[in-house]
Amino acid sequence: MPGTVALVVAAGRGSRLGGEIPKQYLPIAGQILLRYSLETLRKHPLIQGVRVVIHPDDRDFYNKAAAGLELLAPVSGGDTRQQSVLNGLESLVAEKPDLVLIHDGARPFLDSATIDRVIAGLANAPGAIAAMPVADTVKRANGTGAIADTIDRRGLWRAQTPQGFRYADILKAHRAQAGRELTDDAAVAEQLGFEVVVVQGSEDNFKVTTREDLGRAERRLIGGTAMDYEYRTGSGFDVHAFEPGDGVWLCGVKVPFEAKLKGHSDADVALHALTDALLGAVSAGDIGQHFPPSDPRWKGANSAQFIKHAADLVAQRGGMITHLDVTIICERPKLGPHREAMVMRLAEILGVAAHRVSVKATTTEKLGFTGRGEGIAAMASATVRMPSSS
């Protein structure tokens, strides 16, 4: 594949931001963070292919982020960013691109003009990187925090990505520097004496590293401040009776039991209640309207697709799920040992952090149909943040 290939590095864990889901897969303004830069790179006329370097454990997250985009197959990263980039470069040996652009997956606001300038810079040098001149006065502090020196900011730049290189040169440089932990790919190239030039980047092309960065990104995408948001709450309730079987599906987890729940789909009463709660939050009807039990397509269906559909409707309206709460009502089976697995499965299905999911269980003290052990009920609520204009 001659021409230019973009290599997007998305194998990190995002430890400074926290949470169970790596930052590059978090939803912002209704879309997964990583997808913003993938779409920009994929549609650029001077880029022939896009490949993402991912963590081996993140394949499901990646598939959701890249759905519908024509990308090269992803490759697994390494223990460090430098190793991840090298893995990505090695995977392109058969394609033999002329140029490669290396971009951080956590920089969602890459624009076409920046890409143009980086590629143009490679006409006269082996490497070119997007960067911003340092505008603030720069101080050096000693170990106690006291100012030790004022640095002349003339000629100082803040490096961004993409960082572009002639493919053969950057592959040679990364191979030679394997095992080191240099801070960016330009530094790797510099070690072998390759000239790297800076071209104008963009203040919008910031890297999402902290929770504050994530909020900044969300505000930019919505087009205003936090006052442009509103919060909506939906509720859901569902009931299913028992029938002979070997386990019940609850929150996408099969709980071993002497019976199963009766229903047209897998009868996951908790996911059904949560689906209705999400649909209610965006005034999109109920589960029966979207997945009628009379339709043979849904016979025995995995209810995960129902709640994913509801979550997609939230995203299409520019919303973000901020919290889900479900209470499962039954005498048996005992759900305490399975609660954590249910929380994690819900978070995985919806691509949200586990701290945004609550799963509880209770009984009716032997009263009513659940008290008599005839079935299971679930009630749920969902809170979503929406643009005020939606």
Side-chain angles (χ1 to χ4, degrees), residues 5-15 17-44 47 49-78 81 84-85 87-88 91 101-112 115 161-162 205-209 211 213-215 217-218 220-222 252 278 304-305 307-322 344-354 356-357 384-385:
V5 171
L7 196 63
V8 181
V9 187
R13 302 290 81 198
S15 57
L17 191 140
E20 291 81 6
I21 299 176
K23 62 188 177 185
Q24 60 269 31
Y25 299 111
L26 290 173
I28 54 172
Q31 185 166 277
I32 295 172
L33 188 152
L34 174 63
R35 190 178 179 92
Y36 289 101
S37 57
L38 294 184
E39 289 182 344
T40 300
L41 290 163
R42 183 63 191 88
K43 68 184 181 183
H44 195 281
I47 295 177
V50 178
R51 168 161 285 162
V52 186
V53 185
I54 66 173
H55 191 281
D57 295 342
D58 293 344
R59 187 57 187 261
D60 288 343
F61 291 140
Y62 167 79
N63 288 343
K64 187 174 181 181
L69 298 178
E70 294 183 8
L71 308 178
L72 301 173
V75 296
S76 295
R81 183 190 183 282
S84 293
V85 174
N87 289 2
S91 76
L101 304 183
I102 303 171
H103 185 63
D104 290 330
R107 292 184 188 268
F109 302 122
L110 175 62
D111 61 90
S112 181
I115 297 172
T161 65
N205 188 24
F206 63 89
K207 186 175 181 180
V208 175
T209 303
R211 287 280 170 191
D213 296 332
L214 190 64
E218 289 177 334
R220 183 189 181 282
L221 286 165
I222 294 297
L278 281 171
Q305 63 186 304
I307 195 168
K308 283 181 179 177
H309 173 74
D312 287 344
L313 291 178
V314 173
Q316 289 167 18
R317 289 160 168 78
M320 183 183 80
I321 298 170
T322 63
M344 298 308 296
R345 178 59 181 148
L346 274 172
E348 178 185 17
I349 291 171
L350 296 172
V352 301
R356 298 188 183 277
V357 177
V384 300
R385 188 178 70 181

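Residue numbers run from 1 in the order of the sequence given. Heavy atoms only: backbone and side chains are in, while hydrogens, waters and symmetry mates are out.
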Any chance you could lay out the side-chain contact (heavy atoms from CB on, under 4.5 Å) test for Leu350 and Val357, step after step, and finish with the verdict?
-> CA-CA 10 Å; Leu350 296 172; Val357 177; 5.9 Å; no
Rounded to the nearest 0.5 Å, what's the gap from CG on Asn205 to CG on Asp111? Could you check?
-> 7.0 Å
Taking the side chain as every heavy atom from C-beta outward, state whether Leu278 and Leu313 have any atom pair closer than 4.5 Å.
-> no
Under 4.5 Å between any side-chain heavy atoms of Ile28 and Tyr36, yes or no?
-> yes
Applying ring-ring contact (aromatic ring centres under 6.0 Å, His included), name anything that partners Tyr62, two or more places apart in sequence or on another chain.
-> none
What do the steps show when you test Arg345 against Glu348 for salt bridge (Lys or Arg N to Asp or Glu O under 4.0 Å), and what is the final call?
-> CA-CA 5 Å; Arg345 178 59 181 148; Glu348 178 185 17; 3.1 Å; yes
If you take all heavy atoms of Arg51 and Ala73, which pair is closest and at what distance?
-> NE-O, 2.7 Å
Supply the atom-to-atom distance Thr209 OG1 to Leu214 CG, rounded to the nearest 0.5 angstrom.
-> 10.5 Å
Residues Glu39, Lys43: salt bridge by 4.0 Å N-O rule = no
Smallest separation among heavy atoms of Ala353 and Ala347, with atom names = C-CB, 4.2 Å
Any idea which heavy atoms bring Val9 and Ser84 closest together, and the distance?
-> CG1-CB, 4.3 Å
Short question: side chain of Arg220, backbone of Phe109 - any donor-acceptor pair under 3.5 Å?
-> no
Sorted by chain and number, sequence neighbours left out, salt bridge (Lys or Arg N to Asp or Glu O under 4.0 Å) with Arg81 holds for Asp104, Asp185
Residue pair Leu38 / Ala66: nearest heavy atoms and the distance that separates them | CD1-CB, 4.5 Å
If you measure from CG on Asp312 to NZ on Lys308, what distance do you get to the nearest 0.5 Å?
-> 9.0 Å
Shortest non-hydrogen contact from Ile321 to Ala311?
-> CD1-CB, 4.0 Å
Take Met320 and Val352 through the side-chain contact (heavy atoms from CB on, under 4.5 Å) test and state the conclusion after the steps.
-> CA-CA 9 Å; Met320 183 183 80; Val352 301; over 6 Å; no
Verify, without hydrogens or angle tests, whether Gln24 (side chain) and Ala10 (backbone) share a donor-acceptor contact under 3.5 angstrom.
-> yes
Heavy-atom distance under 4.5 Å between the side chains of Tyr25 and Asp60, does that happen here?
-> no
Could you please spell out the steps behind the side-chain contact (heavy atoms from CB on, under 4.5 Å) verdict for Thr40 and His44?
-> CA-CA 6 Å; Thr40 300; His44 195 281; over 6 Å; no
Where do Leu26 and Val208 land on the side-chain contact (heavy atoms from CB on, under 4.5 Å) test, with the steps shown first?
-> CA-CA 11 Å; Leu26 290 173; Val208 175; over 6 Å; no
Would you check if Thr322 and Arg356 make a side-chain contact, meaning some heavy-atom pair closer than 4.5 Å?
-> yes
Contact check, side chains of Lys207 and Lys23, non-hydrogen atoms, under 4.5 Å | yes
Within the side chain of Arg35, is there an N or O that forms a donor-acceptor pair under 3.5 Å with the backbone of Ala67?
-> yes
Heavy atoms of Gly77 and Ala11 approach each other most closely as CA-CB, 4.1 Å
Which residue, Val50, Thr161, Ile115, Leu7, forms the side-chain contact (heavy atoms from CB on, under 4.5 Å) with Leu101?
-> Ile115
